[in-house]
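Note that this is a predicted model, so its numbers are computed, not measured.
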Amino acid sequence: MALRRFDLEAGGDSFSFKPETEDKIAFWRGKYPADKQRSAVIPLLWLAQKDNNGWLSEPAMREVADRLEMPYIRVYEVATFYTMFRLQPVGKFHIQLCGTTPCQLRGAEGLKEVCTREIGKQMYVTDDKRLSWEEVECLGACVNAPMVQINDDYYEDLTPESLAQIIGRLKNGVDITPGPQIDRVNSAPEGGAKTLTDAALFDGSRNAIKTLPNLPEPAGEATAEATGRPDAGAPTNVKREEPTAGKATLIDTTSKPDATKDGMSAPKDKKD
Amino acid sequence: MSDTFKLNIDGQEIEVPKHYTLMQACEEAGAEIPRFCYHERLSVAGNCRMCLVEWEGAPKPIASCAQIVGDMRPNRDGSAPIVRTGGAYVEKARNGVMEFLLINHPLDCPICDQGGECDLQDQAVAYGRSTSRYEENKRAVEDKYMGPLVKTIMTRCIQCTRCVRFVAEVAGVEEMGMISRGENAEITTYLEKSLTSELSGNVIDLCPVGALTSKPYAFNARPWELRKTSSIDVMDAMGAAIRVDAKGDAVMRIMPELNEEVNEEWLSDKSRFVWDGLGRQRLDRPYIRENGKLRAATWGEAFEAVKAALSVGPDKIGVVAGDLIEVEQAKAALDLFRSLGVKNTDCRPAGARYGTSGVREHYLFNPTLMGIEEADALLLIGTNPRVEAAVWNARIRKSWLWGNLKIGLIGEAADLTYPYEHLGTSAADLDQIASSDFFQVLKDAKRPMIVVGESALCREDGLKLSETVHKLSQTVSAVTEGWAGFGVLHTAAGRVGALDVGFVPAEGGLATVDILGGDLSTVVLLGADEVDLTKLGNSKVIYVGSHGDAGASRADIVLPSAAYTEMTATYVNTEGRVQMTTRAVQPKGEAREGWAIFRALSAVCGKPLPYDTADQLRALLRGKEGENTVFSGRGYAPGARGVEALSRPVADASGSLSSAAFKSAIVDFYLTNPIARASKTMAECSALASRLDTPVAAE
């Protein structure tokens, strides 16, 4: 990684956020208390980068600093620390090519050659201002290696040929489809699923448990969850709701008068 | 729960307070811990890893600067945790750290200004390997521009971030930072702009390597060739402790010395870099004006000319003492002119309305500079401490930052590096203070502090202001047992000393503004360059001073005197602290110490003064054995001893408070006296500051 410096010339003298970004700024600032507004510096820098054609100019950085009432040097430190903040202009389509070990083993070197051939050296912006590329560290899609990120989307399972094709389409303004560039859904096996293909695995018919063992006798009707049909109940780890009477739950404590005796909650009349 | 914690350091059982860091505990036990990033007066960073020690049972060596003792736990059997600051384990750890630090550090000690006083050099000898195993290319870093005072050679930087922390925490201007990361990390100011702090020179002292060095001093001398003399600074009224480093007869640099009660270990840029002014524009021999031109003369000729000028009769003579006058000169001059019957003597700026009440506490900074750390409320009236006492301003900031000091200001709004409540701009706003919220803050405060700028007392309403502020300080109980919360912040090093010897108009005498009004036949200026000399008319002017400045260019007779680094002399700082400078180099040419000039003149005038040496003069000032005078003790500030005098009721003054806005006494921080005006470095700083319109240069 080379030294990173602001391209002061290309940055011009001024920057302003797009009007539609204001809502997002308010959203991020709203997350932090009034005296801790500087916590929003990274999201705001990111928004500024989006509004500034994919790179962070010096006036844009100052704008963020002014809004958060931070000294410029403190924002400058953040902007130079994180390499995802780009301090010099990039093309309309900026290709971030993952060169970390898994991608490298799967042929990222070949992709680099394609980029160098089709675009030029790293961070060079083509004359039509459409393309630029840089090598980055792991983007966390190793299972689909090798891959590149173009603006906000991942393009995975690339070969030099498919990347060249993508770049060719970008050059000519043809739409491209994000995701794996081979016959594959997300990270699923190429050509479709090879295992666990039996539909019975997923309809609950194999899982013939009617009730959980050692449960107390249910007082009321058997509930939807108790039948062991996962698609009928809400995911248990997302939202926790207080058990209330009438609401069907797996363990119905409301109907048990003994539930209050375990000391968890004191009987009300003791207070008087 | 106990507030202390037992440790076993190097086999020695020791009990220390729980808030101590392990490094402090180790030092308490007598061990020496090497460090680069840790500094007592800055926050802990813990990034150099040089202070590693062994804690038995811990999986890794511990960075002792960042380990709070209270967070440690005893051994399983309940005995004190065992810490070792030496031995093979610790030595190997430090050795490894040192090797990493040196990997990218250039081997340019022979051309490095830090060489000989370099922490890295010393510690590499003490803790490092004898040879390098590193065969790759070292990294190189671009040098950064940080203004006319700080020279950078950033390849030498070890990223300890002391400078970054100093500038943010102590100086209070967030202008330095560390950009990028890892191997590319660099220390810089924002886009390499110049530092705007008036304390920026301190980063040079803080830098443990040669990355930040003094630009004016670059390649001038080696530390071991310098003659080091402890002395006192006279650039402002604080009287900071300094060390004057001289080579031959030239002052090569000025460094701060430790004085907890005055400057801690900081020094303002003016005090630190003014030294090149000591070699320029110097008056090195007497001059007499003939046919409109000054011509060099001998002392004998000059004295005869002075004698003639003084023969006009005492009522026609006036004497004005300047900002840098030392006590000895003031005393000798005063004794001589009083013996000649001269009543028109003054050491105060034009229009001054203080110093004549006979009560010393009325013009002293009674709460003491260190008192700000105890104070919980501060009211500044007509003063801008950032330019009038820059180092003290950092102390106000420290008290605000780490304590809960609340600050109010009546005067020019300025960036003081800490927030304050702006209560008004003129003396008249004091009338409304009782109805402000800040009044309640002052009343509720245990140790309220009210500080009046000297310039605020040099206006028409000075007496009334003085009375009002005294009454205010009594109303809010700023003057109580053990706490004298009223103070005057002076701007001139010589003022309090001259006031202490009584350098004010005698009964019926004229004050500065009238002496300089052009009505007198002969006017003697004792280094008085800060006063308005345009109305002198046809008065014959005798100038005694060290630099060719405003006074000398108007003078008819010039008598050269020594500057503060060239004499052993007494100064009294704004707190009333009596301190002495030490002669570091000889006076220039035929220049003499101020008191000696007047002693010699007294003989010429036929009224010889009763002392022949400076020691005799000082003995006279001190008074007899056992007598308690202002000058009988040295080095301490009277502080709360002034309570009794301050709690006496004050006489009502006539007139009313003016609604004219207070103006800062200091127009340009860098050019406040003849020495600073002769300095190229100060001129450069001043030009830069006014171009940047930084808060340091008010206009």
Side-chain angles (χ1 to χ4, degrees), chain A residues 1-15 34-39 41-42 45-46 48-49 55-88 99-100 122-123 134-138, chain B residues 43 45 47 104 137-147 150 152 154-155 157 159 161 163-197 200 203 397 400-401 404 415 417-419 692 694-695:
Chain A
M1 192 182 69
L3 280 178
R4 288 151 45 79
R5 296 271 196 275
F6 276 121
D7 186 335
L8 295 171
E9 214 171 287
D13 298 325
S14 63
F15 164 83
D35 59 334
K36 300 273 194 305
Q37 283 290 299
R38 48 172 64 191
S39 297
V41 64
I42 292 178
L45 283 172
W46 186 247
Q49 174 160 306
W55 73 287
L56 195 60
S57 65
E58 196 263 345
M61 195 219 69
R62 272 193 279 129
E63 169 74 16
V64 171
D66 289 340
R67 283 185 179 234
L68 298 177
E69 291 173 13
M70 286 171 76
Y72 295 157
I73 185 74
R74 295 282 97 89
V75 185
Y76 188 36
E77 286 175 329
V78 174
T80 54
F81 186 90
Y82 294 103
T83 51
M84 281 173 79
F85 295 125
R86 292 181 284 269
L87 307 183
Q88 42 183 303
T100 309
Q122 287 196 46
M123 292 310 280
E134 69 178 319
E135 185 184 338
V136 298
E137 298 306 325
C138 185
Chain B
S43 61
N47 54 13
N104 279 319
N137 285 331
K138 288 175 184 254
R139 78 163 189 162
V141 184
E142 288 167 22
D143 292 344
K144 308 288 185 292
Y145 174 76
M146 289 194 189
V150 183
T152 64
M154 295 317 287
T155 302
C157 177
Q159 279 84 38
T161 69
C163 50
V164 176
R165 283 174 283 146
F166 173 84
V167 168
E169 292 165 19
V170 180
V173 290
E174 295 203 55
E175 288 173 350
M176 279 181 95
M178 185 160 79
I179 61 162
S180 295
R181 57 170 161 168
E183 197 190 12
N184 297 303
E186 295 174 287
I187 302 287
T188 184
T189 51
Y190 182 66
L191 298 182
E192 300 195 35
K193 292 201 168 71
S194 169
L195 283 170
T196 60
S197 170
S200 63
V203 298
R397 181 179 156 79
W400 163 78
L401 195 62
N404 50 359
D415 177 7
T417 74
Y418 41 83
L692 292 175
T694 58

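Looking at B:E175, the atoms closer than 4.5 Å to chain A (heavy atoms on both sides) all sit in the backbone: N, CA, C or O. For B:T189, the part lying near chain A is the backbone, with the side chain staying farther off; criterion is any non-hydrogen pair under 4.5 Å. For B:A168, the part sitting under 4.5 Å from any heavy atom of chain A is the side chain, from C-beta outward, and nothing else. Of the two parts of B:E142, only the side chain, counted from C-beta on, holds a non-hydrogen atom closer than 4.5 Å to a non-hydrogen atom of chain A. If you measure heavy-atom distances from B:V164 to chain A, the contacts under 4.5 Å come from the side chain alone.
Interatomic distance, CD of B:E186 versus CD of A:E77, reported as 12.0 Å (0.5 Å rounding). Of the inter-residue distances, the one linking A:Y72 atom OH with B:E174 atom CD reads 13.5 Å to the nearest 0.5 angstrom.
Using a 4.5 Å heavy-atom threshold, the side chains of B:L191 and A:F6 count as touching. Looking only at side-chain heavy atoms (C-beta outward), A:T80 and B:M178 stay at 4.5 Å or farther from each other.
Aromatic ring orientation, A:Y76 versus B:Y190: perpendicular (interplanar angle above 60°, classes split at 30° and 60°).
Among residues two or more places apart in sequence or in another chain, the side chain to side chain donor-acceptor pair (under 3.5 Å) test is passed with B:R397 by none.
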